[in-house]
2 protein chains.
Amino acid sequence: MPKLWNATVETHRQAVREAILDTAATLVAEHGLSSLNMSQVAQSAGIGRATLYKYFPDVDAILAAWHERQIHSHLEQLAEVRQHNDGPARQLEAVLETYALIAHSHHGGAEAAQLHRGRHVGHARQHLIDFLTELIQEGAKAAVFRSDVAPDELAAYCLHALEAAAGLSSRAAIARLVKVTLAGLQPPLPAGESVERTTAGSG
Amino acid sequence: MPKLWNATVETHRQAVREAILDTAATLVAEHGLSSLNMSQVAQSAGIGRATLYKYFPDVDAILAAWHERQIHSHLEQLAEVRQHNDGPARQLEAVLETYALIAHSHHGGAEAAQLHRGRHVGHARQHLIDFLTELIQEGAKAAVFRSDVAPDELAAYCLHALEAAAGLSSRAAIARLVKVTLAGLQPPLPAGESVERTTAGSG
DNA sequence: TCGGATAGGATACATACTGTCTTATAAAAT
DNA sequence: ATTTTATAAGACAGTATGTATCCTATCCGA
């Protein structure tokens, strides 16, 4: 797939690299994660096996690079979504919903992402956590989120909870998941103001 | 490791099977998931490679069986914990805390569990979901949990959220995670009764 | 336009894991 | 005692790995 000699050497190498990642992702989506091998990637990418070894030392490295690229792309999406909303509450809601949709749509590719968390302890995933942590901290300062739990713990909670989106089928179900997850971030009632509402009984 | 001819053939085969699973789990914990292979398992278990193939067709099957055994064991723990508590609210809290502790302690072996979710779509995991679903449904009927979201969706949410426990370090952090997760299950305030409490500000 | 540097393809090689099969031995079941 | 069953050990072909060599094609600077 990568045209020979795109222009300069550098851009060419980059193009080949990208093509390799795309190919690997496709193969994983088609034949599963465990059956991915260097020979197959090389053949599908239309390059020699030896050449492939000049780009990546092994399958793990390919998957790691692919995962890194994915996370980076998602981070950009999330950052943009954040910009388009005002206030920590709305921002977080929009960001979480977007993340849930991503988790849902990539539930095929998530297979690899899962793996990665196990292998490399996701140094890439940390960026996501950091991004959410900062957002939640803002909200905690503004008292729209709870402050009795550290922001980074809440961020990890969100990320994990929203991965349940991979197993959901409808868009509405994802919205509900986001709502429930957000409920976990609400400041707790200050003990004494317990839940006793006879005004509107629900189901 | 499995003593030759424990007594009857059946018990012997069972003992060997268990030994294989134990060996595999140990190897995964030591050398990682991807490097696990039939030859290694056979050698470490002290049985012939051909013999191993008479118990399991491939590495995946071993991991699947191991995972199944794990889940089964966890379910027993959770069921027992539930019995020792009264009322949906306390029961769920105890169950979730136990699950979080399990997720935390098995965060090494979780590597394999993760994999499995990808491979077999965890038919074993469904048992866990079912168990939680039923418990949550009880609570929803009693109006201690929200009923605007289906119990099975809430169950999936809980399971995913609590897996964040694997990345936590302290027992206290796990308790906080459980608290936050449970907060997501609370019945929503019936719109209008929004959060405005000047009584006790939380710094 | 020529030549060094770099990218690539093809191939060979030793190693390792796979899945199946065969042979021979020892214990269990009847 | 005889048959069934479980096992170890080894052979086998097929395949993936990681490395190395050889040769060609393109780019870039002189």
Side-chain angles (χ1 to χ4, degrees), chain A residues 1-28 30-66 111-112 115 119-120, chain B residues 1-28 30-66 111-112 115 119-120:
Chain A
M1 282 311 189
K3 270 283 185 60
L4 277 295
W5 304 124
N6 276 12
T8 74
V9 174
E10 197 52 39
T11 60
H12 169 68
R13 279 195 71 86
Q14 195 55 37
V16 172
R17 203 186 126 95
E18 296 294 308
I20 291 172
L21 297 188
D22 293 342
T23 300
T26 302
L27 287 176
V28 166
E30 280 175 1
H31 305 88
L33 180 58
S34 49
S35 67
L36 187 72
N37 52 293
M38 296 294 271
S39 311
Q40 201 178 162
V41 171
Q43 190 176 358
S44 293
I47 63 177
R49 196 169 65 92
T51 303
L52 178 56
Y53 276 101
K54 288 177 184 172
Y55 281 85
F56 297 99
D58 52 38
V59 190
D60 263 34
I62 298 180
L63 258 4
W66 174 78
E111 197 177 354
L115 233 240
R119 295 205 217 214
H120 283 295
Chain B
M1 281 309 188
K3 269 286 185 57
L4 276 293
W5 304 121
N6 280 17
T8 75
V9 173
E10 197 51 38
T11 60
H12 167 67
R13 280 193 69 87
Q14 195 56 36
V16 173
R17 203 187 126 95
E18 296 295 307
I20 291 172
L21 297 189
D22 293 342
T23 300
T26 303
L27 287 176
V28 167
E30 281 176 0
H31 308 302
L33 180 57
S34 49
S35 67
L36 187 72
N37 53 293
M38 296 294 270
S39 311
Q40 200 177 163
V41 171
Q43 190 176 359
S44 294
I47 64 177
R49 197 167 65 91
T51 303
L52 178 57
Y53 275 102
K54 287 180 180 170
Y55 281 84
F56 297 98
D58 51 37
V59 191
D60 262 35
I62 298 181
L63 257 6
W66 174 78
E111 197 178 354
L115 232 240
R119 296 206 217 215
H120 282 296

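Note on naming: letters A, B, ... go to the chains in the order of the sequence lines (proteins, then strands), and numbering restarts at 1 for each one. Note that the structure is a prediction, hence the values are computed from the model and not measured.
- Here D:dT7 presents its P atom at 13 Å from CZ of B:R17, a figure rounded to the nearest Å.
- Considering only residues two or more places apart in sequence or on other chains, B:E18 meets the salt bridge (charged side-chain N to carboxylate O under 4.0 Å, His left out) condition with B:R69.
- Listed pair B:Y55 / D:dA6 fails the phosphate criterion, with no side-chain N or O lying under 4.0 Å from OP1 or OP2.
- Rounding to whole angstrom units, CD of residue A:Q43 and C1' of C:dG9 are separated by 14 Å.
- Checking the phosphate oxygens (OP1, OP2) of C:dG8, a side-chain nitrogen or oxygen of A:H12 falls inside 4.0 Å.
- Dense packing is recorded around CD of B:Q40, with more than 12 heavy atoms of other residues, nucleotides or ligands lying under 6.0 Å away.
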For a side chain to side chain contact (heavy atoms under 4.5 Å, CB included) check, start with the C-alpha distance between B:L63 and B:L36, then their side-chain angles and the critical distance, and finish with the verdict. CA-CA 10 Å; B:L63 257 6; B:L36 187 72; 3.9 Å; yes

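- Taking 4.0 angstrom as the limit, A:T51 places a side-chain polar atom (N or O) nearer than this to OP1 or OP2 of C:dG9.
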Could you run through nucleotides 11-18 of chain D and give me one letter per nucleotide, 5' to 3': B if any protein heavy atom sits under 4.0 Å from the base, S if only the sugar-phosphate is that close, - if neither? B----SBB

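- What separates CZ of A:R13 from P of C:dA7 is a distance of 5 Å, to the nearest Å.
- Residues meeting the side-chain contact (heavy atoms from CB on, under 4.5 Å) test with B:A42, sequence neighbours left out: B:I47, B:R49, B:L52.
- The distance between atom CD of A:Q14 and atom P of C:dA7, rounded to the nearest whole Å, is 13 Å.
- The side chain to side chain contact (heavy atoms under 4.5 Å, CB included) with A:H31 is formed by just one residue from the set A:L33, A:V28, A:L27; it is A:L27.
- Listed by chain and residue number, nothing satisfies the side chain to side chain donor-acceptor pair (under 3.5 Å) test with A:D58 (two or more places apart in sequence, or in another chain).
- Rounded to a whole Å, the CD1 atom of A:I47 is 19 Å from the P atom of C:dT6.
- A:I20 has its CD1 atom 13 Å from the P atom of C:dA7, to the nearest Å.
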